[in-house]
Protein chains: 2
Amino acid sequence: MSVTIRDVAKFCGVSVSTVSRVLNGYTDISEETANKVFAAIKKLDYVPNNTARMLTRKDTKIIGLTIPDIKDPFFSENASGAEKLLLENGYQIFYGNMERSADKLLNYLQQARQMRFDGLIITPDEWTEELLDTIRRISMPVVALRRRPPQSSGVPFVDNDHYKGAMEMMTYLTDLGHTRIAHIVLPTGIGAIRREAYRDFCQIRSIEARDVKIDLPANKLDQARENGYQAMKRIHETWPDTTAVFAGTDQLAIGAMVYLREKGLSVPADISIAGVNDMDYASLPWFDLTTMSLNRTEMGRAAAQMLLDIIEERRPHPENLLLGTSIIVRGSTIKYKNGG
Amino acid sequence: MSVTIRDVAKFCGVSVSTVSRVLNGYTDISEETANKVFAAIKKLDYVPNNTARMLTRKDTKIIGLTIPDIKDPFFSENASGAEKLLLENGYQIFYGNMERSADKLLNYLQQARQMRFDGLIITPDEWTEELLDTIRRISMPVVALRRRPPQSSGVPFVDNDHYKGAMEMMTYLTDLGHTRIAHIVLPTGIGAIRREAYRDFCQIRSIEARDVKIDLPANKLDQARENGYQAMKRIHETWPDTTAVFAGTDQLAIGAMVYLREKGLSVPADISIAGVNDMDYASLPWFDLTTMSLNRTEMGRAAAQMLLDIIEERRPHPENLLLGTSIIVRGSTIKYKNGG
DNA sequence: AGATCGTCCGAAAACGGTTTAGTAAAAAGG
DNA sequence: CCTTTTTACTAAACCGTTTTCGGACGATCT
């Protein structure tokens, strides 16, 4: 069919192993032979068959990277951060789009095993027993992104420090003078962590905790805006004197804004709103949204670095990594004005 | 290292070829043997080595899918449409994130060749000679998405019918009574097609063509909003009596709205605005954007179908495919009111 | 001159599957 | 009862690389 290493060898009258050596940059080759081989390769338009190469070598230089939902730009940025570092280190990336399905993930892990990937970066929506079991069985380096695995699993992971971030946001809001602050909680592990921070904060400052949890399963978060709307409605009906809302997502924040707009309330004059993520349209003048910004690409990069460290055995048991977040202050939050 | 087909064979006292046959569903196997083999596979937790399998077979059941920019949700939806169909047909998808770089694409094609993919769906930003040459050399089925290749290339492609869609949009706007309609042109092939439609339309209806082209290279379209702003500025300064704007993208449309907002002009009272794509936030009440909606997932699906047809030789030379678009009417466009 | 040492290269054995060709035993046909 | 066909399986070649081991040959040392 296509031209093989044997053709190249024959063409320039050397052995197959010599050609292989040249290709892999061995030094025990005379310059003359090397040149002959390179010329032949170009002439015959020879391209090594990677599947054959993978078969003999123990490594494949492929690492798998799962994306929970390819339509969500957040994950895309995660991915591109990881990709960059991996490419620089000579690895190929095999993306897997999970579409928020646990089965797809399980299936992807099997594929990864069949193809003998060198490692995996995964972002499961949930850590089930079955998942942990599969990870154990495929016996390949895995690092987790954005969803903390059980400690017992031994899977290292990287995420933003949502606890600290939420604390900072709450500090910022109270510094503005707000004391009646509601919180819209995502139905995910991250949501839980931020709620913990929120409640801890409320307790420390002795202010009332007003959190509302989105009641959607984690695999349907794409209707975030509608949920923000509903959550804001509940907040407004339950605690009408709320002066600030910390939403678990910019999407939720904007959903909340839609509700307020309908009710004729204005942001930030009547109520301050903050989100999380710094999505690209958060800065539009209509929203001008104060938000807790996460290190999107940096996270992916860090996870990739951690994985490489494991694969190339620079570190046997890397610890978990929590990246810092920052508050981006925009116009949707202002000082609390008594009776204003 | 890990358990191979030979281990399975030994374990249940049959030959390697028998196990292979069982795995591949051959019928000349007694039920008894088959069961023994399946049991052994489960017991030993055997997983076939896909790289070895790929080496002997001529097909790999892998198809490559390039994404120009993983951060752009438009392409993501393309991809997920294609992915669905391909998975259903037993293919794995190997995504390639091009980050708008022609070099990355070239490199990806080389990889595809080394790994012996069965086929490729690509969305190049530009059709260069080098690209065409590489496609020719890798000799594998390719279909193009969203960027029309030169006819001579023989590469089939699928896209939305932008010419027809633009015509429809212009018809819609003139039906509303507008005659001074500006058009913001994308600096891509698609932009050119729509401009052609726009100009043809203007000529037919004897109205003035007012098109402004974004002067950004195709690989920097992420600043679309800023460009929409600038384009609207130019329109407003050049033709202050413009009553409607057809923007090449929702992003551009929103950028235009930002400008108008700054100038104290209101949409749609002072000027009607329409976009293209029906991005998820187009429906937000602040924008409520009339838009030309494209078949995002359907496109990907169609391209995948076309590729499968070629690979499985159902069709030797598929023609190009142009999908229909539709106008989604929202509040950003209204009837032209003379002196209103 | 013989022993020792580098340098450059080749033969052959993997790697883990698939597939072709063939065979022994059982069933069917005459 | 002998031949043909079918059934259920196996041996071995093959896919295209990498890698180990060793060999030839010229240079250097004693």
Side-chain angles (χ1 to χ4, degrees), chain A residues 1-38 40-41 44-62 90 92 110-118, chain B residues 1-38 40-41 44-62 90 92 110-118:
Chain A
M1 182 92 253
S2 68
V3 28
T4 76
I5 197 172
R6 258 167 263 271
D7 300 322
V8 177
K10 202 161 295 172
F11 185 85
C12 45
V14 300
S15 77
V16 170
S17 30
T18 302
V19 178
S20 175
R21 284 188 161 66
V22 172
L23 253 61
N24 293 302
Y26 282 57
T27 54
D28 62 342
I29 297 280
S30 75
E31 203 167 328
E32 195 195 337
T33 316
N35 287 336
K36 250 197 316 190
V37 171
F38 282 131
I41 287 175
L44 301 179
D45 194 23
Y46 163 72
V47 176
N49 183 325
N50 217 328
T51 66
R53 173 175 285 174
M54 288 176 191
L55 182 55
T56 54
R57 298 215 216 173
K58 55 258 142 253
D59 62 349
T60 56
K61 292 288 177 190
I62 294 186
Q92 293 293 314
Q110 287 304 335
Q111 288 292 334
R113 194 181 174 196
Q114 288 192 203
M115 303 220 198
R116 307 302 200 254
F117 291 175
D118 286 349
Chain B
M1 183 91 258
S2 68
V3 28
T4 76
I5 197 172
R6 264 163 256 270
D7 300 321
V8 177
K10 202 160 295 169
F11 184 83
C12 46
V14 300
S15 78
V16 170
S17 28
T18 301
V19 178
S20 175
R21 287 179 133 69
V22 172
L23 254 62
N24 292 299
Y26 282 58
T27 54
D28 63 342
I29 297 278
S30 75
E31 204 168 322
E32 196 195 335
T33 317
N35 288 336
K36 248 195 324 191
V37 171
F38 283 130
I41 287 175
L44 301 178
D45 194 23
Y46 164 71
V47 176
N49 183 326
N50 218 331
T51 65
R53 175 177 282 172
M54 288 175 191
L55 181 56
T56 53
R57 298 216 215 169
K58 54 259 143 255
D59 60 349
T60 55
K61 292 290 176 188
I62 293 185
Q92 293 292 314
Q110 287 304 336
Q111 288 292 334
R113 193 180 175 196
Q114 288 193 201
M115 304 222 199
R116 306 308 199 249
F117 291 176
D118 286 349

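Quick note on labels: first sequence line is chain A, next is B, and so on, each numbered from 1.
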Base of dC15(C), side chain of Asn49(B) - is there a donor-acceptor contact under 3.5 Å? no
Nearest listed nucleotide, side chain of Ile5(B), among dA12(C), dG16(D), dG17(C): dG17(C)
Quickly work out the Gln114(A) CD to dC15(C) C1' distance and round it to whole Å. 17 Å
Tell whether Arg21(A) reaches the base of dG10(C) with its side chain through a donor-acceptor pair below 3.5 angstrom. yes
Within the structure shown, what part of the strands sits under 4.0 Å from Thr4(B) by heavy-atom distance: base, sugar-phosphate, or nothing? sugar-phosphate
Expressed as a whole number of angstroms, how long is the span from Ile41(B):CD1 to dG17(C):C1'? 13 Å
Start at the 5' end of DNA chain C and walk down; is the nucleotide closest to Asp28(B) or to Val47(B) reached first? Val47(B)
How is Asn24(A) classified with respect to the nucleic acid when contacts are heavy atoms under 4.0 Å: base, sugar-phosphate, or nothing? sugar-phosphate
Heavy atoms under 4.0 Å, any strand shown: does Ile29(A) hit a base, just sugar-phosphate, or nothing? sugar-phosphate
May I ask you to verify whether the side chain of Thr33(B) and the base of dA8(D) hold a donor-acceptor pair under 3.5 Å? no
Of the nucleotides dT17(D), dG16(D), dT19(C), which has the atom closest to the Leu55(A) side chain? dG16(D)
Which part of the nucleic acid does Val14(A) contact within heavy-atom distance under 4.0 Å: base, sugar-phosphate only, or nothing? sugar-phosphate
Name the closest nucleotide to the Ser30(A) side chain, picking from dA12(C), dC8(C), dG17(C). dC8(C)
Hey, which of these two, Thr56(B) or Ser17(B), hits DNA chain D nearer its 5' end, going by closest nucleotide? Ser17(B)
Distance in angstrom units between Tyr26(B) OH and dT10(D) P, rounded: 15 Å
Quick one: does Thr18(B) reach the base of dA8(D) with a side-chain donor-acceptor pair under 3.5 Å? no
Can you say whether a donor on the side chain of Arg6(A) sits under 3.5 Å from an acceptor on the base of dG16(D), or the other way round? yes
